[in-house]
Amino acid sequence: MNVLKELENYINEFNKNNQIEFSIDTIRIDFKKQYKLSKLEELGVWKKIDKKDKRIMDKLKRRLVADEVTSAYQLENYNIYFYNSNKDKPKYRIATMVIFGLKQYHKEPVPHQIVSNIISILKNISNIDLCFDMKIKPNIERLSKYFDLQRYKLEDTYYINNTNILMLDKITIYNKAIKNNLEGILWRVEALISIPNIKYLALPLFEFKEIIDISKGTLEDDIK
DNA sequence: AAGCTTCTGCCTCCGAGACA
DNA sequence: TGTCTCGGAGGCAGAAGCTT
């Protein structure tokens, strides 16, 4: 069984036992390219991204230090990229795979089989964005009693950059209906969860659910 | 359960070739 | 020429599979 299946089972099991619906939106994998590149090439054509293409390069530089990125490639027209790094100079063997938009409504996501194939080759997952979508606006005021909440400009986007929860590196809350031009009300709460060891899954899903509960106003022992 | 072999992935060193 | 890219060989350690 590959590690993607194990991760999916782990999350699905949690969903079932806790009446919640967490979905993976983004998967990132730091990997060494040696002996893996040829297998990745069997999946399709990787197009080199023009470094002047700010739209894409900026997206990844938010995650990585700009000077560390030497080049980037995209698989066909999918939301799948890998970024080459020079962190291990002069070997140039480190790269980061990013598969995003796995949970969205305005566009077809990447076929699951392709994601599965990539994970089978790389045999690891470094971190994920786990998301929860809700049809009401999260209670921002209430959340800010528990966390240091930053608003992005004057937009419908908020961050918790420090959750004080192990492996729960960051929370992003945003108005998904507006971002993707969708009908109605739809907000997303997204957790960046790091996975130190894919073989021992112990992710802070209860903690994430607690944050959801606060934002919905359904936390039982809320005494404030 | 212990011993054995094979498999697999990892690392390091080497080196050629592309690109600007 | 310096930067970047990537494959091969050899060695090593842990995982996995098999037998007794």
Side-chain angles (χ1 to χ4, degrees), chain A residues 1-17 22-102 109-130 166-170 191-205:
Chain A
M1 187 159 57
N2 88 17
V3 295
L4 176 63
K5 195 87 217 124
E6 285 172 31
L7 178 65
E8 286 169 345
N9 289 347
Y10 180 88
I11 292 167
N12 288 339
E13 192 70 10
F14 182 86
N15 284 343
K16 207 169 64 185
N17 294 335
F22 288 150
S23 309
I24 300 172
D25 182 66
T26 301
I27 297 175
R28 297 181 201 81
I29 307 141
D30 299 323
F31 67 107
K32 303 268 170 72
K33 286 183 289 175
Q34 196 174 27
Y35 300 120
K36 292 180 189 128
L37 221 46
S38 51
K39 289 181 190 166
L40 289 174
E41 276 159 4
E42 288 168 16
L43 301 178
V45 177
W46 293 86
K47 296 176 293 183
K48 188 164 188 173
I49 301 299
D50 188 344
K51 269 202 163 182
K52 285 171 226 126
D53 186 341
K54 286 277 177 283
R55 197 178 53 85
I56 292 168
M57 292 308 272
D58 285 354
K59 188 182 177 71
L60 67 113
K61 281 172 185 172
R62 265 183 269 138
R63 302 275 186 199
L64 306 161
V65 178
D67 323 338
E68 287 175 359
V69 178
T70 61
S71 57
Y73 290 84
Q74 178 184 19
L75 179 59
E76 310 283 344
N77 286 315
Y78 300 119
N79 285 337
I80 303 176
Y81 296 83
F82 76 81
Y83 306 117
N84 287 315
S85 159
N86 61 11
K87 263 186 279 184
D88 61 335
K89 212 160 18 177
K91 297 199 190 75
Y92 301 100
R93 268 192 173 149
I94 296 178
T96 301
M97 183 73 66
V98 181
I99 305 166
F100 64 94
L102 294 172
V110 175
H112 187 268
Q113 189 55 47
I114 294 179
V115 181
S116 177
N117 285 343
I118 289 175
I119 308 299
S120 300
I121 293 168
L122 303 183
K123 297 183 174 65
N124 192 22
I125 295 175
S126 305
N127 63 66
I128 55 171
D129 286 350
L130 199 62
L166 208 62
M167 294 183 274
L168 213 175
D169 298 342
K170 184 180 177 178
L192 171 57
I193 296 177
S194 56
I195 303 177
N197 189 340
I198 192 69
K199 288 187 183 150
Y200 302 99
L201 289 173
L203 308 182
L205 301 188

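Order of the sequence lines fixes the chain letters, A, B, ..., with proteins taken first and strands second; residue numbering starts at 1 for each chain.
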In whole Å, what is the span from the [atom1] atom of [X] to the [atom2] atom of [N]?
X: A:N86; N: C:dC6; atom1: CG; atom2: C1'; answer: 16 Å
X: A:N197; N: C:dG14; atom1: CG; atom2: P; answer: 15 Å
X: A:D88; N: C:dC4; atom1: CG; atom2: P; answer: 11 Å

query: Partners of A:E13 by salt bridge (Lys or Arg N to Asp or Glu O under 4.0 Å), sequence neighbours excluded?
result: A:K16
field: Non-neighbouring partners of A:E76 that pass salt bridge (Lys or Arg N to Asp or Glu O under 4.0 Å), sequence neighbours left out
entry: none
Using a cut-off of less than 4.0 Å, is there contact between a side-chain N or O of [X] and OP1 or OP2 of [N]?
X: A:S38; N: C:dC6; answer: no
X: A:T70; N: C:dT5; answer: yes
X: A:Y92; N: C:dT5; answer: no

query: Can you tell me if A:Y81 uses its side chain to pair, donor with acceptor, with the backbone of A:I49 under 3.5 Å?
result: no
message: Once ring-ring contact (aromatic ring centres under 6.0 Å, His included) is applied, do any residues pair with A:Y73, and if so which ones, sequence neighbours excluded?
response: A:F82
task: Could you list the residues that satisfy ring-ring contact (aromatic ring centres under 6.0 Å, His included) with A:F14, not counting sequence neighbours?
output: A:F22, A:F206
statement: Contacts of A:D169 meeting side-chain hydrogen bond (donor to acceptor under 3.5 Å, both in side chains) (sequence neighbours excluded), chain-then-number -> A:S194
task: Report, as a single string ordered 5' to 3', how protein heavy atoms within less than 4.0 Å touch nucleotides 9-18 of chain B: B base, S sugar-phosphate only, - not at all.
output: SSBBB-----
